[in-house]
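Keep in mind the model is a prediction, meaning the values are calculated, not measured.
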Amino acid sequence: TERAVVLDAWADLIAADAETLALMDSLEMGMPIAQAMEDVAVSAALLHETAELLRSLTVDAAVSAPGSLALSVAEPLGVVAAITPWNFPLNQALARISAALAMGNAVVLKPSEVAPGSALRAADLAVEAGMPAGVLNVVTGTGPVTGAALVRDPRIARIGFTGSTATGARIQMLAAEGGVPRPLAMELGGKSPHIVCESFTDIEAIAPQIAAGIFWNAGQVCSAGSRLLVHESHAERLIAAICAEAENWVIGDPLDPETTFGPLANRGQFDRLRGLLGSSAAAGTAPRIGGLEQAKGLSMPPTVYTDVAVDSPLASEELFGPVLAVTRFATMEEAAMLANAAGFGLVATVWTRDLAEGHFLARAVRAGSVTIHAAAETHADVPITLPIEPAGRSGFGADFGHAGLLAWSQRKLVQFRTGSP
């Protein structure tokens, strides 16, 4: 209860300091200020929801014989570590550490060196909210130096990481060098598909949602809907509607509240995306809208490629930019094959009016979360009261829900035997 009270107080202080926290994220990685303000609100709500999950956590008990009682209790692991990315600096830090703190662990947080400011400020607010000094510790520095030292340290009881698949694989190797087996939790890359079935006919109405799913935060979102798998009967209509929607995104100064589309976070990210798109251009693939020729500075405009082959980097690699790859399909089996071809398994979205299609794709598509829409007007928030666990190249380990809390604890069986009454 005491920890839940602190989490609630921390959430309130973060909400009250929203302008400062949003400004830090906007200045450091280019997120439009209006989007950064929304992200702070979501982050505060996440802490409140974690507090409620903690309050509702129960202890499993069993009676095996008269005069006996067995309890399964969750104890803190000790000192744990979290390494978080730059794309949503505040939100991703809090999403990674809130459960660990709720379960009574001390946390060492290493935010990305690209955007550490909001994490440092949030740590100050945690102490102001009543969290004992030293429970949450923020260390800054680069991944190869600071992150590697943290991961190798055998005193770290569990490591949580959010970032690229390649870095996640590197962390697994570094953690083993510490000589002590330790659990890991990783949310890695994504190549998340929107699957639009033949039975779904309200085509133009879903274009804004599909566009937002890839263009929000300039496509720098792990769960971005970067692939559109559309039934061949709807393809041309939907592509045209999305391209029209792309024209509505306002590219400009991230500090201007009217801006909805900012630059990529840094030169390295821009150069990586430029290289991937350049190889696609060399292979003869041209965008329907946007592309390298319209890039200015570090800003890549909303970009749509059509008729993308399943083995193209546009369809198989996480670009982490505002680039939508469109592929047509004819059957449900083909749609499932295309959805799974990239090997990622973060989230997937299905648009269908056929319940049987929805059930088939929910089971056939490998993803930590599959959302099935029967209508264009829908609420897209993910409830953190239920756990989500990525699959394949997207990582492993449950987040959110009671399972996400308990993952940051050590289960102990305690047995009381008093004899027969």
Side-chain angles (χ1 to χ4, degrees), residues 1-15 38-61 72-77 80 82 84 88 90-105 107 122 126 129 131 158 160 162 183 185-187 190 192 209 213 216 221-223 225 345-350 358-359 362-363 365-375 377-391 394-411:
T1 300
E2 182 179 348
R3 292 198 294 269
V5 169
V6 171
L7 286 173
D8 280 330
W10 191 18
D12 292 340
L13 289 174
I14 284 173
E38 290 183 37
D39 199 51
V40 175
V42 170
S43 301
L46 182 148
L47 291 179
H48 280 308
E49 290 165 353
T50 302
E52 288 304 306
L53 281 171
L54 183 59
R55 290 186 177 98
S56 63
L57 198 61
T58 58
V59 174
D60 294 332
S72 178
V73 298
E75 296 185 339
L77 293 169
V80 300
T84 57
F88 293 95
L90 176 67
N91 178 268
Q92 289 300 292
L94 296 185
R96 182 52 74 193
I97 68 175
S98 58
L101 292 168
M103 297 306 291
N105 299 286
V107 175
M131 192 175 295
R158 190 175 196 247
T162 306
M186 295 192 175
E187 183 187 311
S192 301
Q209 294 179 63
W216 181 267
V221 182
C222 295
S223 58
L346 200 52
V347 302
T349 305
V350 176
H359 277 294
R363 298 181 69 87
V365 174
R366 192 181 189 197
S369 171
V370 180
T371 303
I372 301 167
H373 295 297
E377 297 175 358
T378 182
H379 193 271
D381 287 350
V382 176
I384 76 160
T385 52
L386 297 175
I388 301 173
E389 182 167 9
S394 292
F396 52 85
D399 287 315
F400 310 126
H402 288 145
L405 285 178
L406 293 172
W408 292 97
S409 69
Q410 176 70 48
R411 302 306 298 264

Between the main-chain N or O of A185 and the side-chain N or O of R158, is there a donor-acceptor pair closer than 3.5 Å?
no

Nearest heavy-atom pair of A398 and A403: which atoms, and what distance?
CB-CB, 4.3 Å

Can you confirm whether R411 sits close enough to D60 that some side-chain heavy atom of one is under 4.5 Å from a side-chain heavy atom of the other?
yes

Counting distance only, does the side-chain N/O of N105 pair as donor-acceptor with the main-chain N or O of A100 below 3.5 Å?
yes

Would you call E49 and L7 a side-chain contact if the rule is heavy atoms closer than 4.5 Å?
no

Heavy-atom nearest pair, L53 first then G401, reads CD1-N, 3.8 Å

I want to check something: taking the side chain as every heavy atom from C-beta on, are F400 and L46 in contact at a cut-off of under 4.5 Å?
yes

Examine distances only and state if a side-chain atom of R3 and a backbone atom of A102 form a donor-acceptor pair shorter than 3.5 Å.
yes

Considering all heavy atoms of both residues, which atom of S43 and which atom of L94 are nearest to each other, and what is their separation?
CB-CD1, 3.8 Å

Is the number of heavy atoms from other residues, nucleotides or ligands within 6.0 Å of CZ (R363) greater than 12?
no

In this structure, CD1 of I14 is separated from CG of L47 (nearest 0.5 Å) by 5.0 Å

Spatial distance of atom CD (E389) from atom CE (M186) [nearest 0.5 Å]:
13.0 Å

Where the side chain of D39 meets the backbone of F88, is there a donor-acceptor pair that is under 3.5 Å apart?
no

Verdict with reasoning, E52 to T385, per side-chain contact (heavy atoms from CB on, under 4.5 Å):
CA-CA 9 Å; E52 288 304 306; T385 52; over 6 Å; no

Answer whether the closest heavy-atom distance between the side chains of V40 and L90 falls below 4.5 Å.
yes

Considering all heavy atoms, the nearest V370-A367 contact
CG2-CB, 4.1 Å

Can you confirm whether the side chains of S56 and H402 place a donor and an acceptor under 3.5 Å from each other?
yes

Side chain proximity check, V365 to V350, heavy atoms < 4.5 angstrom:
no

Where L406 and A74 come nearest, the two heavy atoms and their spacing
CD2-CB, 3.8 Å

Exam field: side chain W10 to backbone A122, donor-acceptor pair closer than 3.5 Å
yes

Can you name the residues that form a side-chain hydrogen bond (donor to acceptor under 3.5 Å, both in side chains) with Q410, not counting sequence neighbours?
none

Can you see which heavy atom on I388 is nearest to which on G368, and at what distance?
CG2-O, 3.8 Å

From CA spacing to verdict: side chain to side chain donor-acceptor pair (under 3.5 Å), R96, T84:
CA-CA 7 Å; R96 182 52 74 193; T84 57; over 6 Å; no

Under the criterion side-chain contact (heavy atoms from CB on, under 4.5 Å), I'd like the reasoning laid out for N91 against V42: C-alpha separation, chi angles, the key distance, then a yes or no.
CA-CA 7 Å; N91 178 268; V42 170; 3.7 Å; yes

Check the pair L346, E187 against side-chain contact (heavy atoms from CB on, under 4.5 Å), reporting the backbone distance first and the verdict last.
CA-CA 8 Å; L346 200 52; E187 183 187 311; 3.9 Å; yes

Suppose we screen for side-chain hydrogen bond (donor to acceptor under 3.5 Å, both in side chains). Which residues come up paired with H48, at least two apart in sequence or across chains?
D8, D12

